[in-house]
Amino acid sequence: MQTYKAAIIGCGNIFPMHAVSVQRTEGVELVAICDNKPERAIAAAQEFSCKAYTDYQEMLRTEQIDVVHLCLPHYLHAPVAIDCMKQGVHVLTEKPMAISLTDAKAMIDTTKQCGVTLGCIFQNRYNAGTLLVKEELAKGTLGSIKAAKCFVTWNRSDAYYSASDWKGTWEKEGGGLVIDQAIHTLDMLRYLVDEDIAYVDAFIANRGHASIEVEDTAEGVIAYKSGLLTNFHAINYYSYDADVTIELDCENALVQMVGDNATIKFHDGRTLMAQRNPTENFDYGNVKSYWGVNHVKQISNFYASMRSGIAPYITVESAYKTQEMVCAIYQSGKEGRKIYL
């Protein structure tokens, strides 16, 4: 079996999800870690028994890296990914792909020009509930989707934002609630509908934070070319991180998704359920529980797809469609009009 040499750039909060997953993935060796804060890079390298760098360019020159994982602030995803890919390195980046559609398109163009693989993390597509509903939609048992909605009500305090030098800014985070928290739920809904979007009509505002320039409130309609209208509502000034919810009103059933789980109530009285397997534990360390256990599944699939020469389960083209939707939400919210895709 071919062994891939991997490196991780960025040792922030999401770093353990990648480091632990890489260590547990067969045929992958974590050889280097890079962070611009020397103390973080050294501590992480010691924990995972690899080399520490503060300059990713030096790391690429020194080590024979096959794959780079990007756990960086949003605004750095595109330039660093493109730089790495131009040096023949495959890239797996945390969401979002980028903070602009132009940058995301440039990333995809670079993969084609350089013959490398690019992936973007949307681990919640591996949730038990998501997999069940996607399977039933594909089989046609649910019939057509008549309407759909999703809700995200989480909490991010002013202290959460003040502790960061990039979150809460348009320039570096690319937005707030939508691009950082609600993006996963919006991605799942778009992925389940799996149709071409006609337009987005959205409202965004900051209603609960004194220290940020981006939105903490978003609601609106995502309209599909088939005529289907889907609705979303999201805030991050709630009292706690409530379970996200998605509902699909289908021709043959009502689908209700709460957190990782799903219940499908067919109109003929049958019920299908999917719940996270309680024995499916994966210790990433002291990380946020709502990130789930599925990073390792997507990361393992990413390497397996490269080894077999087939596309990964979550393609970068699919991630781009979510990027397009997110950018349209922001444009619509800022300009106060429908944005046609």
Side-chain angles (χ1 to χ4, degrees), residues 1-54 56 59 63-74 76-77 80-81 84 89-96 117-128 130-131 164 180-181 183-184 187 241 259-260 276-307 312-314 319:
M1 175 186 291
Q2 178 183 358
T3 297
Y4 290 98
K5 293 186 176 181
I8 302 174
I9 306 177
C11 296
N13 292 335
I14 202 71
F15 164 81
M17 312 300 286
H18 288 257
V20 175
S21 296
V22 168
Q23 276 203 332
R24 304 285 182 88
T25 300
E26 187 178 5
V28 185
E29 179 186 2
L30 182 58
V31 299
I33 289 168
C34 181
D35 194 280
N36 62 357
K37 297 178 180 178
E39 66 280 5
R40 291 208 306 190
I42 292 170
Q46 289 176 343
E47 180 181 0
F48 291 93
S49 302
C50 59
K51 295 181 181 179
Y53 290 87
T54 57
Y56 80 90
M59 179 183 72
E63 309 290 338
Q64 294 182 328
I65 305 296
D66 299 307
V67 181
V68 160
H69 294 241
L70 299 186
C71 300
L72 293 166
H74 297 173
L76 293 174
H77 288 184
V80 177
C84 290
V89 178
H90 306 284
V91 174
L92 180 59
T93 181
E94 266 295 330
K95 59 78 187 166
T117 301
L118 171 66
C120 182
I121 293 290
F122 281 109
Q123 80 278 5
N124 288 338
R125 294 194 197 179
Y126 283 89
N127 290 350
T130 310
L131 292 172
S164 168
D180 202 0
Q181 287 94 45
I183 187 172
H184 281 295
D187 172 76
D241 292 338
D260 294 356
R276 175 176 169 179
N277 186 341
T279 66
E280 187 181 53
N281 294 316
F282 197 84
D283 187 8
Y284 295 99
N286 185 25
V287 298
K288 297 174 181 177
S289 61
Y290 55 79
W291 288 340
V293 298
N294 294 327
H295 268 79
V296 69
K297 295 179 183 178
Q298 183 173 353
I299 289 169
S300 177
N301 174 261
F302 182 77
Y303 284 97
S305 70
M306 289 193 298
R307 190 171 284 115
Y313 178 69
I314 300 177

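These values consider heavy atoms only, across backbone and side chains, with no hydrogens, waters or symmetry-generated copies.
Taking the centre of each ring, F15 and F48 come in below the 6.0 Å mark.
Considering only residues two or more places apart in sequence or on other chains, Q181 meets the side chain to side chain donor-acceptor pair (under 3.5 Å) condition with N236. Residues passing the side chain to side chain donor-acceptor pair (under 3.5 Å) test with D187 are R125, T322, sequence neighbours excluded. The side chain to side chain donor-acceptor pair (under 3.5 Å) test applied to H69 returns H18, Y303, not counting sequence neighbours. Checked against side chain to side chain contact (heavy atoms under 4.5 Å, CB included), V89 has the following partners two or more places apart in sequence or in another chain: L60, I65, V68, C84. K51 pairs by the salt bridge (Lys or Arg N to Asp or Glu O under 4.0 Å) definition with E63, not counting sequence neighbours. With sequence neighbours left out, the side chain to side chain contact (heavy atoms under 4.5 Å, CB included) criterion links A45 to C50, A52. Qualifying side chain to side chain contact (heavy atoms under 4.5 Å, CB included) partners for N36, counting only residues two or more places apart in sequence or in other chains: none. Partners of T3 according to the side chain to side chain contact (heavy atoms under 4.5 Å, CB included) rule, which considers only residues two or more places apart in sequence or in another chain, are E29. Remark: Y56 engages no residue in a ring-ring contact (aromatic ring centres under 6.0 Å, His included) (not counting sequence neighbours). Taking D66 as the reference, nothing meets the salt bridge (Lys or Arg N to Asp or Glu O under 4.0 Å) condition, with sequence neighbours excluded.
By the 6.0 Å contact criterion, CD on E39 is enclosed, its count of non-hydrogen atoms from other residues, nucleotides or ligands being greater than 12.
No side-chain N or O of N294 forms a donor-acceptor pair with one of N124 less than 3.5 Å apart.
For residues 41-50, no residue pair satisfies the side chain to side chain donor-acceptor pair (under 3.5 Å) rule, not counting sequence neighbours.
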